[in-house]
Amino acid sequence: MKNLLKYTIACAIVMTTCYSCSVESIENEQLETAIVLEDSTLPNTQDPCTGQDPQARITNNGTILVTLQIATIDGTVLHTVQDLAPGNSSSYLMFAEGDIIFNISKNTTGLSDEKVVYTMGECMSFDIEVDTDNNLTTAVPINL
């Protein structure tokens with residue numbers, strides 16, 4: 001009787017161990033790996049930017065208030081950021097494609113206003129920056 005109890009306990013331990021384990025086919029793991037590899041080797045055929053109007057924003061790292069005016073080449077004002085304080089940035093402003101004038105006004109004696117003109121196309125962005133000397137940096141528009 002003593003041995004029967006020992007064998008019963010041993011058998012119960014073996015049975016619970018067998019039922020608590022799961023077996024996965026190695027084929028499933030190989031198939032999942034093949035799918036992941038296939039996805040990572042496909043070329044990205046989608047352009048990250050299509051049909052988006054050009055955009056611009058201004059960051060004032062200077063010491064005075066500045067005003068940005070975005071206008072078309074014929075003088076139509078598209079956007080105005082009035083009196084941007086030092087240390088601040090505007091949000092991105094979107095506008096139609098074409099030759100665009102970016103006019104930065106400084107209402108301070110001894111500092112001249114600055115204008116730059118760029119042909120802005122679809123999916124272009126321009127980060128205008130006023131540097132610590134209150135003049136524009138040499139930034140240019142980029143394609144998104």
Side-chain angles (χ1 to χ4, degrees), residues 5-144:
L5 185 57
K6 288 181 185 177
Y7 291 131
T8 304
I9 293 173
C11 184
I13 291 172
V14 169
M15 296 293 273
T16 55
T17 305
C18 288
Y19 286 115
S20 66
C21 293
S22 66
V23 178
E24 279 190 40
S25 170
I26 193 159
E27 292 175 7
N28 288 344
E29 184 178 325
Q30 290 172 342
L31 181 61
E32 289 172 5
T33 304
I35 291 171
V36 169
L37 287 175
E38 183 178 315
D39 287 345
S40 65
T41 58
L42 289 176
N44 185 4
T45 57
Q46 292 182 334
D47 188 11
C49 177
T50 54
Q52 182 178 328
D53 285 337
Q55 63 185 11
R57 74 173 176 177
I58 185 167
T59 301
N60 185 359
N61 291 324
T63 58
I64 61 170
L65 298 174
V66 295
T67 298
L68 168 67
Q69 192 175 59
I70 300 173
T72 61
I73 201 72
D74 64 359
T76 305
V77 176
L78 304 173
H79 294 285
T80 301
V81 177
Q82 189 73 32
D83 295 330
L84 184 66
N88 290 328
S89 294
S90 71
S91 60
Y92 278 102
L93 307 167
M94 299 183 91
F95 44 88
E97 300 176 40
D99 292 331
I100 304 295
I101 301 170
F102 300 94
N103 183 25
I104 292 79
S105 302
K106 307 166 199 163
N107 293 329
T108 303
T109 305
L111 293 174
S112 59
D113 296 345
E114 297 179 77
K115 288 183 184 180
V116 292
V117 179
Y118 288 106
T119 302
M120 299 292 289
E122 182 179 282
C123 296
M124 290 184 76
S125 181
F126 186 29
D127 281 320
I128 305 161
E129 183 181 347
V130 176
D131 210 348
T132 56
D133 62 357
N134 297 313
N135 291 312
L136 288 180
T137 62
T138 57
V140 293
I142 60 168
N143 289 316
L144 299 175

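It should be emphasised that the depicted structure is a prediction, and the values quoted were computed from it without experimental measurement.
Put simply, the side chain of V117 reaches to within 4.5 Å of the side chain of I73, judged on heavy atoms. A heavy-atom distance below 4.5 Å is found between the side chains of S105 and D113. Side-chain contact between T67 and D83 is present, with heavy atoms from C-beta onward closer than 4.5 Å. Inter-residue side-chain proximity for E97 and M124 is flagged as unmet; no heavy-atom pair is nearer than 4.5 Å. Side-chain contact between I70 and L93 is present, with at least one heavy-atom pair separated by less than 4.5 Å. Inter-residue side-chain proximity for K115 and L136 is flagged as unmet; no heavy-atom pair is nearer than 4.5 Å. Residues E122 and D53 have side chains not in contact (no heavy-atom distance under 4.5 Å, counting atoms from C-beta outward). Within the 4.5 Å cutoff, the side chain of V66 has heavy atoms near those of the L84 side chain.
The minimum heavy-atom distance linking C123 with G51 is given by the pair SG-N, 4.1 Å. When all heavy atoms are compared, the tightest approach of N134 to G62 is OD1-CA, 3.1 Å.
Salt-bridge annotation for D127 and R57: present, with a side-chain N of the basic residue lying under 4.0 Å from a carboxylate O of the acidic one.
Here the OG1-CG distance, from T132 to N135, works out to 9.5 Å after rounding to the nearest 0.5 Å. Atom CD1 of I64 and atom OG1 of T108 lie 3.5 Å apart (nearest 0.5 Å). Note that the CE atom of M94 and the CD atom of Q52 stand 4.0 Å from one another [nearest 0.5 Å]. Put simply, OG1 on T76 and CD1 on I101 are 9.5 Å apart, with the number rounded to the nearest 0.5 Å. Between the CG atom in L65 and the CD atom in Q82 there is a gap of 9.5 Å [rounded to 0.5 Å]. How far OG1 of T63 is from NZ of K106: 10.0 Å, rounded to the nearest 0.5 Å.
The ring-ring contact (aromatic ring centres under 6.0 Å, His included) pairs that include a residue from residues 112-140 are F102-F126, Y118-F126, where partners are two or more places apart or lie in different chains. Listed by first and then second residue, the ring-ring contact (aromatic ring centres under 6.0 Å, His included) pairs involving residues 57-90 amount to none (not counting sequence neighbours).
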- Item | Pair V116-V140, side chain to side chain contact (heavy atoms under 4.5 Å, CB included): steps then yes or no | CA-CA 10 Å; V116 292; V140 293; over 6 Å; no
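T119 and D99 share a donor-acceptor pair across their side chains, judged by distance under 3.5 Å alone.
Checked against side-chain hydrogen bond (donor to acceptor under 3.5 Å, both in side chains), T59 has the following partners two or more places apart in sequence or in another chain: S89.
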